[in-house]
**Student:** 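Quick one: the structure is below, and I'll ask about it shortly.
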Amino acid sequence: MKKLLATTLCALILTLSASFVSAQNLDENGALPRATPESVGVSSDALTTTIQQLDEKFNRVDGVMILRDGKVIAEAWRAPNGPEIPHALYSLSKSFCSTAVGFAVAEGKLKLDDKLVDAFADELPENPDPRLKDVTLEHLLTMSCGHSSDPWRPELVGTDYGLEPFWPNTRPTWAQDFLARKIEYEPGSTFMYNTTGTYMASAMLQKAVGETARDYLVPRLFEPLHIETPYWEVSPQGISKGGTGLFLKTEDIAKFGQLYLQKGVWNGEQILPAEWVENATSVHVSNGTDPNSDWAQGYGFQFWRCRNNCYRGDGMYSQFCLVMPDQNAVVAVNSDCNDYQGILNVLFDNLIPAMKNADPLPENPDALAKLQEVEKSLQPKEGQSGSGVIAHTVYSEALGRDVKYRVYIPNEYRTTSFPFPTLYLLHGLFGNETNWSEEKLGNMKAICDEYFAAHPDQKRIVVMPDGGNLWYRDSKDDSCKYETFFFNELIPDVQKRYRCKHDAASRAIAGLSMGGYGSVLYALRHNDMFNACYAMSPALFTREDAAGMNPDMFKNFLSGRTDFKDGDERFDEYYEANDQHALVQKLQGDDKTKVRFLIDCGDDDGLLKGGYAFYTEARQNGVPCELRVRDGGHTWEYWRTALPMALEFIAQ
């Protein structure tokens, strides 16, 4: 009898073990296995409803993947996102940082009761808060360091995917700043959301293991799960941000959730201790009392407890890795949306009833076909991360001074990882880098937002530099080298800071008045850098215009000299080298068609004559150039209406 019982138990264990391992296996390409919903006991209709509600109720869910029994049963993405495009995780990064700490604890390189002051003894302030000595690694993981407010650093939030670190190694360091903060409560007693605290955990890990959290996770987590080595933003000190800055594909998140659902087992091997998984996803500190809120069910080691015996990692704009043990399910969500609770409600309200039974259901080809149709039906939408205009300053060696510029980033830049085309947008005489973005002048943010919402496939970064009154040229006497600055310093600086496409086909230039002059000059002289030029009311003075200018006007506008005086030769070599009318007629061969031009000038604008002359000369030489003459003059009202036309033209 005992022998029979033992044999039966052994067979049962083997059966369960085989089922468990089978649920983890990846296919030959390292992807999670796919299955019909009905084969794992879920109705295709329920998943169709889930995806439809995620699409209809929220601004923008970018990607969703639903797993049961380790198999993908529903997946959908919204263009321009897709299964192979990494997405910003924001604070969902925290759960990965916690996992790195878990590996280090298992290897004896860290302990949960390690003191912060011991790890950073060389960076402590002169008079640290008395409670700092009691803060441990566990307090960092549970966000219970004792702060009364989040010791936030704005630099923690970036979307620098694929860019080389571009930080001045400033003092105080991020660690020094954190260590100098006041601690109002006893460590371990209160919950306070603390992204910088997660950074400190990442820094403690790096001190202990000798490499960044990302690199440390490569052989331990990313390679076993067939996750391509991801991009994880770093601090000026070269430390993975920990609490944010990680980019992953939706399926990568799903794999991570499946690992936790399986208590750290992957392909039959315990790669992460089950004890750590249990500890990390259990309540260690209270974070509220509202029974209906998934932000008040307790907090673990960088994981949130949820209602319905679930837990999750999550991030800004509704990134989710939701683990549902009772349903043996995992849901991965990438979004550009602020209704965190709403998304969780949709998932719980639909999936929990749909997953009541573990037994397979009869296959339903019609319902499955409808689900697959809905999965492919998500249309582009505007997200809630929003656009922005950001001010920068770069020191120019060519000019020997700081130069300011502003950058417009389109809505969705903050949540995506792909690069964007660029437009360099130049201001006019007596203007500066703020003119185009000032609401009462260019109002370009509102104009671009509206245009890109209607044409989401045309979104681009817009760069607005301060050109002073320098006419965007290098001067004849070398007193000003603005053109050298523009191409040798400004464009490289922008491309270091932002995810820009670097090819000429993805770069355009436009400007008004003096900026129209500069845009045409640059497009002619640097036609390997741009694909389109849209010149608004450009100051393209003809030779006749130049001859009739008073000496001061010619000196300031066209001479390129500070010492020009009446009687000096006007039409010298420098003039010829910067005269757009001459330059366009000298273009030969393929250079003629590298850049498309459009001259847009009002019928009441005194600069129409020069614009028309340039258009005629370009057309006669086979250079693609259009002329647009509309009702209006040399005014911001005219240029504001020109900007959407410029965006349309350069996108052609």
**Student:** Using side chain to side chain contact (heavy atoms under 4.5 Å, CB included), reason through D503 and N531 one step at a time and then give a plain yes or no.
**Tutor:** CA-CA 9 Å; D503 59 301; N531 82 315; over 6 Å; no
**Student:** Residues in salt bridge (Lys or Arg N to Asp or Glu O under 4.0 Å) with R305, at least two apart?
**Tutor:**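 Testing R305 for salt bridge (Lys or Arg N to Asp or Glu O under 4.0 Å), a comparison that skips the adjacent residues, returns none.
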**Student:** Scan for side chain to side chain donor-acceptor pair (under 3.5 Å) pairs involving residues 365-376, sequence neighbours excluded, and state none if there are none.
**Tutor:**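 Residue pairs with at least one partner in residues 365-376: there are none.
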**Student:** Check R460, R499, K459 against E412 for a salt bridge (charged side-chain N to carboxylate O under 4.0 Å, His left out) and give me the one that passes.
**Tutor:**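 With E412 as partner, R460, R499, K459 yield a single salt bridge (charged side-chain N to carboxylate O under 4.0 Å, His left out), made by K459.
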**Student:** According to side chain to side chain donor-acceptor pair (under 3.5 Å), does anything in residues 341-357 pair up with another residue at least two apart or in another chain? List the pairs.
**Tutor:**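 Counting only pairs at least two positions apart or across chains, the side chain to side chain donor-acceptor pair (under 3.5 Å) contacts touching residues 341-357 are Q53-N350, D294-Q341, R307-N345, Q341-N345.
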**Student:** Are R312 and D314 close enough, and set up right, to give a salt bridge (charged side-chain N to carboxylate O under 4.0 Å, His left out), and what steps lead you there?
**Tutor:** CA-CA 6 Å; R312 72 184 190 280; D314 72 21; 2.9 Å; yes
**Student:** Give a yes or no on whether E363 atom CD has more than 12 heavy-atom contacts from other residues, nucleotides or ligands under 6.0 Å away.
**Tutor:**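 Atom CD in E363 is crowded, with more than 12 foreign heavy atoms closer than 6.0 Å.
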**Student:** What pair of heavy atoms forms the shortest contact from A280 to S98, and how long is it?
**Tutor:**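 So the two residues come closest at CB-OG, 4.4 Å.
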**Student:** When you check the side-chain N and O atoms of N364 and E38, is any donor under 3.5 Å from an acceptor?
**Tutor:**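 No, no side-chain donor-acceptor pair sits under 3.5 Å.
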**Student:** Taking atom CD of Q270 as the centre, report whether more than 12 heavy atoms of other residues, nucleotides or ligands fall under 6.0 Å from it.
**Tutor:**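 More than 12 heavy atoms, drawn from other residues, nucleotides or ligands, come within 6.0 Å of this atom.
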**Student:** What residue pairs, at least two apart or across chains, pass salt bridge (charged side-chain N to carboxylate O under 4.0 Å, His left out) with a residue in residues 84-113?
**Tutor:**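 Checked against salt bridge (charged side-chain N to carboxylate O under 4.0 Å, His left out) - neighbours excluded - the pairs reaching residues 84-113 are E84-K249, E107-K109, E107-R220, K111-D114.
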**Student:** Just by distance, with hydrogens left out, do S91 and Y193 show a side-chain donor and acceptor under 3.5 Å apart?
**Tutor:**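 Side chains of S91 and Y193: pair found under 3.5 Å.
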**Student:** With no hydrogens and no angle check, just 3.5 Å: does a side-chain donor-acceptor pair link Q258 and Q262?
**Tutor:**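 There is such a pair (donor and acceptor under 3.5 Å, judged by atom type) between the side chains of Q258 and Q262.
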**Student:** Among side-chain atoms of S240 and Y216, is any donor-acceptor pair under 3.5 angstrom?
**Tutor:**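 There is no such pair (donor and acceptor under 3.5 Å, judged by atom type) between the side chains of S240 and Y216.
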**Student:** Please enumerate all residues that pass side-chain contact (heavy atoms from CB on, under 4.5 Å) together with L112, with sequence neighbours excluded.
**Tutor:**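 Here the qualifying residues are E138, L141, W276, N279, F301.
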**Student:** What residue among N81, T415, N59 forms side-chain hydrogen bond (donor to acceptor under 3.5 Å, both in side chains) with D336?
**Tutor:**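 Testing each of N81, T415, N59 against D336, the sole residue satisfying side-chain hydrogen bond (donor to acceptor under 3.5 Å, both in side chains) is T415.
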**Student:** Using side-chain contact (heavy atoms from CB on, under 4.5 Å) as the criterion, list what pairs up with T250, not counting sequence neighbours.
**Tutor:**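 Residues passing side-chain contact (heavy atoms from CB on, under 4.5 Å) with T250: M65, W77, A332, N334.
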**Student:** Side chains of S387 and D449: do they bring a donor and an acceptor to under 3.5 Å?
**Tutor:**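 On atom types as modelled, these side chains qualify, holding a pair under 3.5 Å.
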**Student:** Can you confirm whether or not the ring centre of W304 sits under 6.0 Å from the ring centre of Y311?
**Tutor:**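 For W304 and Y311, the ring centres are not under 6.0 Å apart.
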**Student:** Are a donor atom and an acceptor atom from the side chains of E648 and Y451 found within less than 3.5 Å of each other?
**Tutor:**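 Absent: no donor and acceptor within the cut-off.
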